[in-house]
**Q** 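Below is one structure. I have some questions about it.
In what follows, every heavy atom counts, from backbone to side chain, and hydrogens, waters and symmetry copies are set aside.
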Amino acid sequence: LSFATAFTLVVTPAALMIRENITHARQREAATGRSESIAQAFEQHGPLIGVSAFTAIVAAWVLVPQVAAVRLIDIFGKQIFEQPPSSWFQALESTGFYCLIMLSAAYAYWRNDHVRVDIIRERLSPRGKARVEIAGFVLLLAPVCLVVLVPGVEIVFNSIDKEEVSGALLGTPTLWVFKAMMLLCFAQLLAIGAYVTWKNLRFLKGRESMVYPPERSVRQAYEDEASR
């Protein structure tokens, strides 16, 4: 039962996702002669997107296996050994997932790979989509980022002064690192959101060829053309 549970909930979805992404990457590499990389993000889009790609890709390679391993140990520990995981394991899992989200959210937004509930936007023209993105940044994304960033700096320094401990790092006074990670996430979101808004304003003036963040099919066509 424990093996079936782990296989169904963790291993199979992860394997299918990895297989799909590897297949897609190989197809792109065969078609263009180049593979997606952090260096490619720097080359095509500059340091802002390059740094975001670096944090996201490194986080994915490090944290996805860690979170999956901890979850598997949790399942097998409960089902086979009838031994619930320690509080440290639980903290390690939740902290790993938190770090993965914080370090990859901005790059996912840039690549338009985050979850969207498109009811109205998908029915609009390209110019309509650009206006929606601009309004979304001005009315929602930017204010939320500022609400987090403005008091966030003081919260991080208070955490350092109070030597708040982290359960995931064995009680060491490093909780400030994870709080600072949230600041990094929202700073990246704010910067990339502003960059996307600037791109969309240029699109409305006829100086860009597509809406940002571009849809996957459009983005791939652009990247394939740029890599030739």
**Q** Would you mind checking if K179 and E164 are paired as a salt bridge, meaning a charged N to carboxylate O distance below 4.0 Å?
**A** yes
**Q** Passes side-chain contact (heavy atoms from CB on, under 4.5 Å), V153 versus L149? Steps please.
**A** CA-CA 7 Å; V153 176; L149 291 171; over 6 Å; no
**Q** Main chain of F203, side chain of Y212: is a donor-acceptor contact present, judged purely on distance under 3.5 Å?
**A** no
**Q** Locate the shortest heavy-atom distance separating V64 from L100; write the atom from each residue and the value.
**A** CG2-CD2, 3.8 Å
**Q** Out of curiosity, T174 OG1 to I160 CD1, how far, rounded to the nearest 0.5 Å?
**A** 11.0 Å
**Q** With side-chain contact (heavy atoms from CB on, under 4.5 Å) as the test, would you mind laying out the steps for F42 and V51 before giving the verdict?
**A** CA-CA 8 Å; F42 274 99; V51 170; 4.1 Å; yes
**Q** Just how far is it from atom CE of M182 to atom CZ of F186, taken to the nearest 0.5 Å?
**A** 6.0 Å
**Q** Quick check on the hydrophobic clustering: are W61 and F54 connected, directly or via other members, by side-chain heavy-atom contacts under 4.5 Å?
**A** yes
**Q** Before you tell me yes or no, could you show the steps for Y107 and R111 under side-chain contact (heavy atoms from CB on, under 4.5 Å), namely the whole-Å CA-CA distance, both residues' side-chain angles and the distance that decides it to 0.1 Å?
**A** CA-CA 6 Å; Y107 190 55; R111 290 181 58 83; 3.2 Å; yes
**Q** Provide the closest heavy-atom pair for L63 versus G96 in the form atom of the first, atom of the second, distance.
**A** CD1-O, 3.8 Å
**Q** Do you know which two heavy atoms are closest between V165 and L175, and how far apart they sit?
**A** O-CB, 3.7 Å
**Q** Using ring-ring contact (aromatic ring centres under 6.0 Å, His included), reason through W176 and F157 one step at a time and then give a plain yes or no.
**A** CA-CA 8 Å; W176 67 270; F157 280 108; 8.9 Å; no
**Q** If you compare all heavy atoms of S104 against all heavy atoms of A56, which two are closest, and at what distance to 0.1 Å?
**A** CA-CB, 3.7 Å
**Q** Could you state the interatomic distance from CZ (F137) to CG (L189), rounded to the nearest 0.5 Å?
**A** 10.0 Å
**Q** Would you kindly confirm whether W110 and V138 end up in one hydrophobic cluster when ILVMFWY residues are joined by side chain heavy atoms under 4.5 Å apart?
**A** yes
**Q** Would you check if the side chain of S94 reaches a backbone N or O of A91 as a donor-acceptor pair within less than 3.5 Å?
**A** yes
**Q** Could you state whether V177 and M102 fall into the same hydrophobic cluster, counting links through intermediate Ile, Leu, Val, Met, Phe, Trp or Tyr residues with side-chain heavy atoms under 4.5 angstrom apart?
**A** yes
**Q** Can you hop from W198 to L190 via hydrophobic side chains spaced under 4.5 Å?
**A** yes
**Q** Does some side-chain heavy atom of P213 sit less than 4.5 Å from a side-chain heavy atom of E133?
**A** yes
**Q** Nearest 0.5 Å please: distance from the CE atom of M210 over to the CG atom of N200.
**A** 10.0 Å
**Q** Which atom names give the shortest non-hydrogen contact between I134 and L204, and what distance separates them?
**A** CD1-CD1, 3.8 Å
**Q** Check whether I192 and L140 end up in the same hydrophobic cluster, where Ile, Leu, Val, Met, Phe, Trp and Tyr are linked by side-chain heavy atoms less than 4.5 Å apart.
**A** yes
**Q** Measuring from atom CD of Q188 to atom OG1 of T55, what distance do you get when rounded to the nearest 0.5 angstrom?
**A** 4.0 Å
**Q** Between OH of Y195 and OG of S52, what distance do you get to the nearest 0.5 Å?
**A** 12.0 Å
**Q** Under a 3.5 Å distance rule, please check whether E208 uses its side chain to pair with a backbone N or O of L201 as donor and acceptor.
**A** no
**Q** Between G193 and Y109, what is the shortest heavy-atom contact and its length?
**A** CA-CE2, 3.8 Å
